[in-house]
Amino acid sequence: AGDKKGLHQKGESGGREMKKIGGVILGISVLFLFSLGALAAENGADDERAKALEKRRKMIETAKDELNDTIWEIDVRQMGAGDKGKDFTDTLRFKDGTIESDKLISEGFSPSNFSVRIKNDDVIIWETMQRDGEEGVAFWRGELEEEVMRGVLSWHIDKKKITPSI
């Protein structure tokens, strides 16, 4: 009888251990499923980010295409107080992913590549830096909105700075 009682007690403690193991497995299963849900949500967010980036990339490509093969007659006005009367008219040409300015070409500057960004889904912002082969550097930043071009040319020559506005 003593042996049976001992076996019976082992059986009861074995049942408790099975319940503990079952509880642990259940807990692990819940954590695993929760992790899968979080991973799926993260993947969904990644998909949304990827779609947004692809949309932005397409908008930039469209903007570059919109600028390509265009010619702009611009009025350049000096911004410094001592530079009154030095305003000029210029022609900007966008061709094959580059920009050139008639005025800067005549000053020894080469055409250069330009970068494009989009602001508020409808403003094309383009920027470039041109060198004249010596010490001159020109920085352009333009905004095209509803067929109106505005921007700034910051022209550095021999450590002097000329900042006209277009």
Side-chain angles (χ1 to χ4, degrees), residues 27-166:
I28 291 172
S29 298
V30 168
L31 287 175
F32 179 73
L33 291 174
F34 179 76
S35 297
L36 284 178
L39 184 59
E42 187 176 308
N43 285 341
D46 286 346
D47 288 347
E48 289 301 315
R49 279 189 289 258
K51 286 177 185 176
L53 287 173
E54 181 62 19
K55 178 183 175 189
R56 195 61 132 175
R57 187 193 65 74
K58 284 181 181 178
M59 289 174 69
I60 289 171
E61 286 304 315
T62 300
K64 285 181 180 179
D65 289 343
E66 190 175 323
L67 283 172
N68 197 36
D69 293 327
T70 61
I71 299 172
W72 297 83
E73 298 293 326
I74 60 171
D75 295 318
V76 182
R77 295 184 193 95
Q78 301 294 325
M79 300 297 287
D83 294 324
K84 298 287 186 204
K86 295 184 181 179
D87 299 347
F88 59 92
T89 300
D90 196 4
T91 302
L92 296 180
R93 288 182 179 78
F94 292 86
K95 183 165 177 69
D96 299 327
T98 64
I99 182 175
E100 63 181 44
S101 150
D102 285 355
K103 175 68 174 173
L104 293 182
I105 293 288
S106 73
E107 298 285 335
F109 287 81
S110 299
S112 68
N113 296 332
F114 61 94
S115 62
V116 171
R117 293 183 291 125
I118 305 295
K119 181 172 90 175
N120 299 332
D121 291 340
D122 64 345
V123 179
I124 299 170
I125 299 172
W126 58 269
E127 296 176 304
T128 192
M129 177 183 77
Q130 293 177 277
R131 295 191 172 276
D132 71 355
E134 296 174 15
E135 293 188 29
V137 178
F139 298 96
W140 289 90
R141 181 185 185 280
E143 291 189 8
L144 175 60
E145 182 177 16
E146 296 180 10
E147 298 187 29
V148 175
M149 181 78 71
R150 290 190 178 91
V152 174
L153 164 62
S154 180
W155 188 352
H156 305 262
I157 303 173
D158 297 328
K159 299 183 184 179
K160 294 179 185 175
K161 181 179 175 184
I162 304 170
T163 308
S165 176
I166 57 175

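It should be emphasised that the depicted structure is a prediction, and the values quoted were computed from it without experimental measurement.
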message: Applying side-chain contact (heavy atoms from CB on, under 4.5 Å) to Gln130 and Leu153, what does each step give before you reach the verdict?
response: CA-CA 10 Å; Gln130 293 177 277; Leu153 164 62; 5.9 Å; no
field: Min side-chain heavy-atom separation Val152-Glu143 under 4.5 Å
entry: no
message: If you compare all heavy atoms of Thr89 against all heavy atoms of Asp75, which two are closest, and at what distance to 0.1 Å?
response: OG1-OD1, 3.5 Å
message: Working to the nearest 0.5 angstrom, can you tell me the gap between Leu104 CG and Ile99 CD1?
response: 9.0 Å
message: Test side-chain contact (heavy atoms from CB on, under 4.5 Å) on Arg49 and Asp46; report intermediate values, then the result.
response: CA-CA 5 Å; Arg49 279 189 289 258; Asp46 286 346; 2.3 Å; yes
message: For Lys103 and Glu107: C-alpha separation, side-chain torsions, deciding distance, then whether salt bridge (Lys or Arg N to Asp or Glu O under 4.0 Å) applies.
response: CA-CA 6 Å; Lys103 175 68 174 173; Glu107 298 285 335; 3.6 Å; yes
- line: Trp140 and Ser101 have their tightest heavy-atom pair at CZ2-CB, 3.7 Å
statement: Shortest non-hydrogen pair, Arg141 vs Ile125, comes out as NH2-CD1, 3.5 Å
message: What verdict does the side-chain contact (heavy atoms from CB on, under 4.5 Å) test give for Glu127 and Arg117, after you've listed the backbone C-alpha separation in whole Å, the side-chain angles of each residue and the deciding distance to 0.1 Å?
response: CA-CA 9 Å; Glu127 296 176 304; Arg117 293 183 291 125; 3.9 Å; yes
Closest non-hydrogen atom pair between Leu67 and Phe114, with its separation: CD1-CE1, 3.9 Å
- prompt: Would Glu66 and Leu144 count as a side-chain contact (heavy atoms from CB on, under 4.5 Å) if you check the C-alpha gap in whole Å, the side-chain angles of each, and the deciding distance to 0.1 Å?
  reply: CA-CA 10 Å; Glu66 190 175 323; Leu144 175 60; 4.1 Å; yes
- prompt: Pick one: which of Asp102, Thr70, Asp69, Thr98 meets side-chain hydrogen bond (donor to acceptor under 3.5 Å, both in side chains) with Arg93?
  reply: Asp102
field: Donor-acceptor side-chain pairing of Thr128 and Trp126 below 3.5 angstrom
entry: no
- prompt: Should the pair Lys51-Glu54 be classified as a salt bridge under the 4.0 Å nitrogen-to-oxygen rule?
  reply: no
- prompt: What are the two closest heavy atoms between Glu100 and Pro111, and how far apart are they?
  reply: OE1-CG, 3.4 Å
Taking every non-hydrogen atom, the tightest pair across Arg77 and Asp87: CA-OD1, 3.3 Å
